[in-house]
Amino acid sequence: MSKGSPISPSLMAAKSAGAGKAPEKAERAADAALDTAATVSPVLGPNNVVPPTEMTGSQAIVRSLEELGVEDIFGLPGGAILPTYDPLMASSMNHILVRHEQGAGHAAQGYAMVTGKVGVCIATSGPGATNLVTAIMDAHMDSVPMVAITGQVSSAVIGTDAFQEADIVGITMPITKHSFLVTDPNDIPHVMAEAFHLASTGRPGPVLVDIAKDAQVGKMTFSWPPRIDLPGYRPVVRGHNKQVREAAKLIASAAKPVLYVGGGVVKAHASAELRELAELTGAPVVTTLMARGVFPDSHQQHVGMPGMHGSVSAVTALQQSDLLITLGARFDDRVTGVLSTFAPNAKVIHADIDPAEISKNRTADVPIVGSVKEIIPELTEAVRTQFAQSGTPDLDNWWAFLNNLRNTYPLGWTEPEDGLSAPQRVLQRIGELTGPEGIYVAGVGQHQMWAAQFIKYERPHAWLNSGGAGTMGYAVPAAMGAKVGDPDRVVWAIDGDGCFQMTNQELATCAINNIPIKVAIINNSSLGMVRQWQTLFYEGRYSNTDLNTGHDTVRIPDFVKLADAYGCAALRCERDEDIDDTIKKALEINDRPVVIDFVVSPNSMVWPMVPAGVSNDQIQVARNMTPEWEEED
């Protein structure tokens, strides 16, 4: 997406975010957009000047998308959106026909996550629109810039329970940044421009544009660029100087600081800025599930992922800290455990672009509202000045304590006793054989946690998952969107046998459209995370969690046969000695999607674990095994 060019005072806005196709370009483009003065158009795209031209509303939708710089769309036609699919045939945009609307939404998410551009999905009214709701909610929870376009019944029959009518605006209002209903075709250009502006600026998120059928077929006069009119929408970008200076003072006086880094740093394309701050302060860095890769795993200051299934060193660093330098994170319950017991002795610096997140869960001693892309460099300079005045803090004892934890409680696994493969080994080898330049997209559950733990992430935009919503079925379509957005990278969908069965129909989309993703099914023949909880908290009563897909079962479905039916290369791996050769074979196949059925032990569990409803101090490294704590002096 382009930052545009100056047009007129009526089009001025404070800031405009933007990004290019590749992650590296996304970093540069976002940086340039944030540094641009207030004379830049908020309308995305090249800002071509289109003189007044008569056309239909449907043609205006397609033309607006083209002018906004959209290249790829994921969608599925139906009656109420059919008028728009007709001019779409003649467009230069690449429309990818999905097999289910939820797949379109997740694909748009994956596309947005790796490119930095706004993902676009399109569906018809009624059930077509409601099938997008899960993906819209997922994008809302994980702050993914996405515009969902839906057809609606004609305005004259809205509210009459017409065929395939659903109040999708009302349904999605709580899970979007905004939801538009368009009944006048003349509103289409400015609504489309506003939707993309909302989705991509401030805290990114999904926007819905619901367009009545009569607005699509009606005549209108199209011109570009339109005027954006969003009263009251002025995201704060720069942090308050006084607050930044106060934060620097706290950092200079802290004995046990921790950089608590969330997904907001990924969305802001601020990994380079984060690294400079981290190396200046010398403080340990923890990266949440949504922030994996924004700070390299190989960096000596990275102490792991915090949370329910975080490393002992990361969880304990937060608990023992005297200062949390919180950047683009939201004190999610999966990180904090019982909130009242989280980091009890720590003061809190909290920087976030969304003022609603500041002090929502944990009161901030120094709140800073703004983009971390701007705040982190400002904070770095303020810290450098403060260190020059008061000296650099001595963190040797703090690091001795944390390094002891890293050495004593490294991530690992127990070999299964049933003779089947350990899923952790499978994922570790996928990461090692593919390398850090790959993209890894996980569903939700045990395989998600193992992928976060045992694949090493060295760069941002390499790890995609459904973090806030925890949506089963996310991986395959999101990986599809990621591969469309960044086709030169190897893209793995890491899925469970349960998750895979929810959206595997998108393999047909991948095969027909030459989108050669690689799917690793971690097949433990069960709803693995639910089964783990039943093992630990329900005395092994496995109520409705066995799926009969794995070893020594009826194998319904047989994933190899299913993949073959979808036109994919189909492999199965059931022995440790075959893991490497199977992965290597998959990496060599690039002319079609690859599906690997990795048959693994159903008894493997995700450790460490903080059971729900307890303090992070009670983290377990194995069943009924809690670390021995020796607090740093």
Identify which one of D581, D578, D580 satisfies the salt bridge (charged side-chain N to carboxylate O under 4.0 Å, His left out) criterion when paired with R429.
D580

Shortest non-hydrogen pair, S601 vs L420, comes out as N-CB, 3.7 Å

Check the side chains of E357 and H350 for a donor-acceptor pair under 3.5 angstrom, ignoring hydrogens and angles.
no

Side chains of D546 and S526: any donor to acceptor distance under 3.5 Å?
no

Show the nearest heavy-atom pair for residues S525 and T553, with the distance to one decimal.
OG-CG2, 3.7 Å

Say whether, by atom type as modelled, one donor and one acceptor occur between the side chain of N403 and the main chain of W399 under 3.5 angstrom.
yes

Which word best sums up how the rings of F342 and F331 line up, parallel for under 30°, tilted for 30 to 60°, or perpendicular for over 60°?
perpendicular

List the atom of L132, the atom of G105, and the distance in Å for their closest heavy-atom pair.
CD2-N, 3.9 Å

So, are K256 and D322 salt-bridged, with charged N and O less than 4.0 Å apart?
no

Any ion pair linking R555 and E574 (charged N to carboxylate O, less than 4.0 Å)?
yes

Decide whether W413 and S604 meet the rule of one side-chain donor and one side-chain acceptor closer than 3.5 Å.
no

Would you say the side-chain atoms of S298 and E458 include a donor-acceptor pair closer than 3.5 Å?
yes

Are W463 and Y440 near enough that their ring centres are under 6.0 Å apart?
no

Tell me yes or no: between the side chains of W450 and Q448, is some donor less than 3.5 Å from an acceptor?
no

If the threshold is 4.0 Å, N to carboxylate O, is there a salt bridge linking R425 and D576?
yes

When every non-hydrogen atom of L411 is compared with those of Q453, the smallest separation belongs to CD1-O, 3.7 Å

Can you tell me how far the NE2 atom of H106 sits from the OG1 atom of T471, to the nearest 0.5 Å?
5.0 Å

Return yes if some donor-acceptor pair links the side-chain N/O of T316 with the main-chain N/O of S313 below 3.5 Å, else return no.
no

Just wondering, do I171 and V133 contact through their side chains at under 4.5 Å, heavy atoms?
yes

Can you confirm whether the side chains of Y260 and S321 place a donor and an acceptor under 3.5 Å from each other?
no

In this structure, which one of I521, I579, V599 forms a side chain to side chain contact (heavy atoms under 4.5 Å, CB included) with C573?
I579

What I want to check is whether the side chains of D138 and Q109 have a donor and an acceptor closer together than 3.5 Å.
yes

Considering residues at least two apart in sequence or located in another chain, which fulfil the salt bridge (charged side-chain N to carboxylate O under 4.0 Å, His left out) criterion with R572?
D558, D597

Verify the distance criterion only: is there a donor paired with an acceptor across the side chains of T626 and Q618 at less than 3.5 Å?
no

List the atom of T281, the atom of A278, and the distance in Å for their closest heavy-atom pair.
OG1-O, 3.1 Å

Under 3.5 Å, side chain of T363 to main-chain N/O of S359, donor-acceptor pair present?
no

Hey, does I368 have a side-chain heavy atom less than 4.5 Å from the side chain of I349?
yes

V303 backbone acceptor or donor facing S311 side chain under 3.5 Å:
yes

Could you go through R334 and D332, starting from their C-alpha distance and side-chain angles, then the distance that decides it, and tell me whether this counts as salt bridge (Lys or Arg N to Asp or Glu O under 4.0 Å)?
CA-CA 5 Å; R334 282 298 192 262; D332 176 73; over 6 Å; no

Parallel under 30°, tilted from 30 to 60°, perpendicular over 60°: which one fits the rings of W533 and F537?
perpendicular

Using ring pair (Phe, Tyr, Trp, His ring centres under 6.0 Å) as the criterion, point out the one residue from F598, Y566, F559 that pairs with F500.
F559

May I ask you to say whether D297 pairs ionically with R292, meaning some side-chain N is under 4.0 Å from a carboxylate O?
yes

With a 3.5 Å cut-off and no angle check, do the side chains of Q301 and E279 form a donor-acceptor pair?
no

How far apart are the C-alpha atoms of R203 and D354, what are their side-chain angles, what is the distance that settles it, and do they pass the salt bridge (Lys or Arg N to Asp or Glu O under 4.0 Å) test?
CA-CA 6 Å; R203 181 177 183 172; D354 185 355; 2.8 Å; yes

Heavy-atom nearest pair, A469 first then M137, reads CB-SD, 3.6 Å

